[in-house]
There are 2 protein chains.
Amino acid sequence: MENKELCLVCQDFSSGYHYGIPSCNGCKTFFRRTVMKKQKFVCQFDQNCPVDKSIRCACRFCRFEKCLKVGMDQSALQASRDPIGYTKRTKKPERRPMKEISSDESSNESPERQITPTRSFENTLNLLAVREKSANELRLSSYLPKRSLKQALCSKPLLNDPIFMNKHASRSPRHNYDNLRFITQDDYHYWHERDWFVLTEYAKTFNIFKNMSYHDKTELVRHAAIVIPVLNQVYNSPDHGLDTVVFPDGTYYDRTHEPTRPAGLNRKKYQVLDLVLKPFREMEVNFNEFSAFKAITFLNPDADVSLETKAAINEERVTITKHLYSYMVQKDGLEKAIYRFGRLILMGTTMSKMACESKEAVWIADFFENIGFTSFAKELIFGDN
Amino acid sequence: MENKELCLVCQDFSSGYHYGIPSCNGCKTFFRRTVMKKQKFVCQFDQNCPVDKSIRCACRFCRFEKCLKVGMDQSALQASRDPIGYTKRTKKPERRPMKEISSDESSNESPERQITPTRSFENTLNLLAVREKSANELRLSSYLPKRSLKQALCSKPLLNDPIFMNKHASRSPRHNYDNLRFITQDDYHYWHERDWFVLTEYAKTFNIFKNMSYHDKTELVRHAAIVIPVLNQVYNSPDHGLDTVVFPDGTYYDRTHEPTRPAGLNRKKYQVLDLVLKPFREMEVNFNEFSAFKAITFLNPDADVSLETKAAINEERVTITKHLYSYMVQKDGLEKAIYRFGRLILMGTTMSKMACESKEAVWIADFFENIGFTSFAKELIFGDN
DNA sequence: TCTATAGGGTCAAAGGTCTG
DNA sequence: ACAGACCTTTGACCCTATAG
């Protein structure tokens with residue numbers, strides 16, 4: 001710090017010898033980067049710009065020339081090394097960068113893209129949350145049309161139709177989660193019908209869904225037919241302990257064995273409680289996270305759809321996953337977010353398993369014999385031939 | 001200075017014998033430091049990076065591996081010398097009084113002190129990569145014992161037994177991926193047997209597995225019985241295009257319809273090509289990422305294991321997932337890492353679907369009738385009753 | 001005692017990382 | 001995207017213990 005040498009390039013205090021000559025940190029790094037990236041600069045003037053501490057960044061061409069002139073040695077550069085990871089200790093008060101990134105992204109967004117708009121995670125998650133809210137309103141209403149699967153999938157979308165929603169989607173007085181009583185077969189039946197109806201409307205709100213062939217639409221909805229209702233039922237159930245799922249009309253089930261139901265369905269009950277309800281409660285999944293997770297679960301490329309549709313679905317769900325992660329980091333901080341995110345996304349395998357098992361012939365047959373299916377349900381589960 | 005020996009690690013001129021072999025100053029110091037600080041490195045590629053004078057710093061994992069391979073002897077490191085007895089500035093004691101004090105201070109510190117803690121993801125991922133490498137060596141060997149599932153799961157683990165591995169796990173000359181020919185039923189059968197054998201040994205290397213009940217062990221392995229072999233087959237297949245999977249003995253399958261096989265198996269072939277091979281190739285999944293993904297796939301709490309085991313498995317796979325994420329961020333940068341990570345982890349749903357479908361009665365029956373199962377395979381797929 | 005060898009330590013100068 | 005402060009790693013060079 002006393003009689004230090006000066007940088008031969010810019011006359012700043014040198015930080016030692018670099019590439020053969022005394023030089024400062026800035027000129028050292030500038031030289032390395034320039035040689036490594038083989039950058040070529042152009043001088044705006046006469047190739048004799050002054051280079052000193054105050055204006056060393058003004059002309060990169062002349063700065064690099066000066067580096068060479070005072071004897072910096074290119075051959076002193078080495079081959080790339082193994083990356084060494086983070087070098088700075090973690091800082092605590094850093095919620096701002098997320099914010100900045102998100103506002104940057106939204107200001108960069110191009111207005112003409114419409115199919116998969118690149119918005120900030122806030123916009124994406126917000127869109128999903130709004131969709132989820134509407135879907136739940138419809139679920140809590142008493143509206144339940146009788147229609148075929150084809151009618152359901154090809155008719156006008158209802159969820160984003162404010163006139164329809166205003167008129168028919170007000171909450172039924174029966175759906176206030178009070179008057180608890182144990183669930184019966186008829187109640188199961190009623191809520192399956194409602195949840196399947198809402199599922200078809202939910203599906204139609206995805207732009208990506210509108211562009212699919214009819215075959216792909218039915219396959220995707222069919223694949224989601226068990227798990228999406230389960231997610232609705234579990235997430236919206238008020239907390240009566242880890243063993244109880246309550247439906248909006250106050251009917252509930254718990255671990256009580258129901259001997260009149262097939263073994264497969266009793267087993268599924270335990271799966272739902274252990275593998276969905278419990279993790280949701282433990283992780284304190286919030287509404288935005290649930291909305292995104294449900295969309296990721298719905299957009300499952302494992303359904304028997306065309307390869308193009310698989311690819312499109314996958315892109316969409318990866319995008320949502322990215323935004324969900326950004327949101328969680330902003331909300332929980334890095335460490336906690338990685339844990340919660342990993343845990344939540346890995347629940348996808350459980351969802352996948354349930355979706356798959358619901359197709360097992362034995363299970364379906366049980367189900368079919370014990371619940372009087374409507375023709376809609378038969379189409380949904382078995383296909384229309 | 002001319003007839004000097006060369007460093008066995010990097011071919012630079014050796015500065016004498018160090019730790020048992022002729023080696024250069026750099027490799028000598030690198031080896032000492034790595035052992036002393038117990039550093040664990042992770043290879044960014046496939047653990048076979050070249051190591052020579054010009055690029056010896058490019059991959060620290062492979063450099064250290066090479067050190068060990070050419071015979072550097074860890075036991076030649078001496079116990080920590082008495083730092084106080086070491087008088088370093090006998091010649092020029094006046095040069096840097098400030099420095100001297102500070103370095104004395106630092107030399108009084110315990111050598112175990114973690115000034116730069118090695119990032120934990122390196123240890124975790126490295127462990128998984130080493131495990132994967134051994135498993136693949138066993139897979140490429142010709143060792144294939146006849147034993148029951150119980151014997152397989154309860155016998156002594158082989159993968160981390162260096163004596164066994166040295167003796168029996170050398171690569172079979174038949175398993176060199178050349179001599180391509182279309183696969184037959186017998187070949188399928190052979191590779192299923194091999195992959196199932198390796199799977200049982202792979203499973204036993206997980207500490208978490210050792211602590212499970214026998215029932216949980218079989219369920220977990222059973223749940224992995226289809227997907228883990230698929231991952232092995234796909235990842236290790238040399239690239240002959242997106243339609244071809246090559247086994248180590250040169251047998252291959254592609255999209256050719258095989259009419260002698262049941263429809264379910266032909267369908268599965270397409271699934272493997274479209275949903276596993278293609279994404280792996282597109283994402284350029286590297287060895288570390290594959291090792292971690294395979295472990296996450298194996299540790300699937302959806303298997304029919306006890307609730308305690310489910311919870312333990314889930315914790316473990318969430319931990320691996322976190323470390324995988326950290327690794328990918330370090331390797332790819334934030335933006336790219338989030339995309340690749342999301343895409344890779346979401347492939348878990350596909351794995352789950354395959355695992356589940358493999359249990360479908362119809363599918364299994366097809367499979368069973370067309371491939372002569374050994375009793376081991378029957379146990380694995382159907383259980384032992 | 002002397003000398004060659006092979007341990008360990010040092011620090012200038014490489015390269016990598018991250019924030020503004 | 002670039003600049004440069006700040007971080008880690010490398011290895012030529014040094015000191016020291018020990019065997020012959």
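Labels below follow one simple rule: chain letters A, B, ... track the order of the sequence lines, proteins then strands, and each chain is numbered from 1. These values consider heavy atoms only, across backbone and side chains, with no hydrogens, waters or symmetry-generated copies.
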- Message: Can you confirm whether F30(A) sits close enough to R60(A) that some side-chain heavy atom of one is under 4.5 Å from a side-chain heavy atom of the other?
- Response: yes
- Task: Answer yes or no: does atom CZ of F45(B) have more than 12 heavy-atom neighbours from other residues, nucleotides or ligands under 6.0 Å?
- Result: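 Not buried by this count: 12 neighbours or fewer within 6.0 Å.
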Between [N] atom [atom2] and [X] atom [atom1], what is the distance in whole Å?
X      : N       : atom1 : atom2 : value
F31(B) : dA6(C)  : CZ    : C1'   : 14 Å
Q74(B) : dG7(C)  : CD    : P     : 13 Å
H18(B) : dT5(C)  : NE2   : P     : 11 Å
D12(B) : dG11(D) : CG    : P     : 9 Å
F13(B) : dA12(D) : CZ    : P     : 12 Å
I21(B) : dT5(C)  : CD1   : C1'   : 16 Å
I55(A) : dG4(D)  : CD1   : P     : 13 Å
K28(B) : dG9(C)  : NZ    : P     : 11 Å

Does [N] have OP1 or OP2 sitting under 4.0 Å from an N or O in the side chain of [X]?
X      : N       : result
R63(A) : dC2(D)  : no
R56(B) : dG11(D) : yes
Q78(A) : dA13(C) : no

Among the nucleotides [options], which one has an atom lying closest to any side-chain atom of [X]?
X      : options                   : result
N25(B) : dC13(D), dA5(D), dA13(C)  : dC13(D)
Q39(B) : dG16(C), dT9(D), dG7(C)   : dT9(D)
C57(B) : dG9(C), dC2(D), dG11(D)   : dG11(D)
R60(A) : dC2(D), dA13(C), dG7(C)   : dC2(D)
R81(A) : dG15(C), dA12(D), dG4(D)  : dG15(C)
Y17(A) : dG7(C), dA6(C), dA13(C)   : dA13(C)
Y19(A) : dG15(C), dG11(D), dT17(C) : dG15(C)

- Would Y325(A) and F341(B) count as a close aromatic pair, with their ring centres under 6.0 Å? no
- Do F64(B) and F31(B) have ring centroids that are under 6.0 Å from one another?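 For F31(B) and F64(B), the ring centres are under 6.0 Å apart.
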- Message: Does R32(A) reach a base, just sugar-phosphate, or nothing at all? Heavy atoms under 4.0 Å.
- Response: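 Here R32(A) touches the bases of the nucleic acid.
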- Query: Under 4.0 angstrom, heavy atoms only, what part of the nucleic acid is K37(A) near: base, sugar-phosphate, or nothing?
  - Reply: sugar-phosphate
Give me, pair by pair, the N or O atoms of the protein and of nucleotides 18-20 of chain D that are less than 3.5 Å apart, along with how far apart they are.
none

- Any N or O donor-acceptor pair linking the side chain of R33(A) to the base of dG4(D) at under 3.5 Å? yes
- Where do N25(A) and S15(A) land on the side chain to side chain contact (heavy atoms under 4.5 Å, CB included) test, with the steps shown first? CA-CA 6 Å; N25(A) 242 317; S15(A) 64; 4.2 Å; yes
- Message: Let's go through I21(B) and V9(B) carefully: what are the C-alpha distance in whole Å and the side-chain angles of both, what is the deciding distance for side chain to side chain contact (heavy atoms under 4.5 Å, CB included) to 0.1 Å, and is it a yes or a no?
- Response: CA-CA 9 Å; I21(B) 59 146; V9(B) 179; 4.2 Å; yes
- Geometric class of the F290(B)/Y235(B) ring pair [parallel <30°, tilted 30-60°, perpendicular >60°]: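 Taking F290(B) first and then Y235(B), their aromatic rings lie parallel (interplane angle under 30°).
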- Task: Consider only side-chain N and O atoms of Y327(B) and N286(B), and report whether a donor and an acceptor are under 3.5 Å apart.
- Result: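 Yes, N286(B) and Y327(B) have a side-chain donor paired with an acceptor closer than 3.5 Å.
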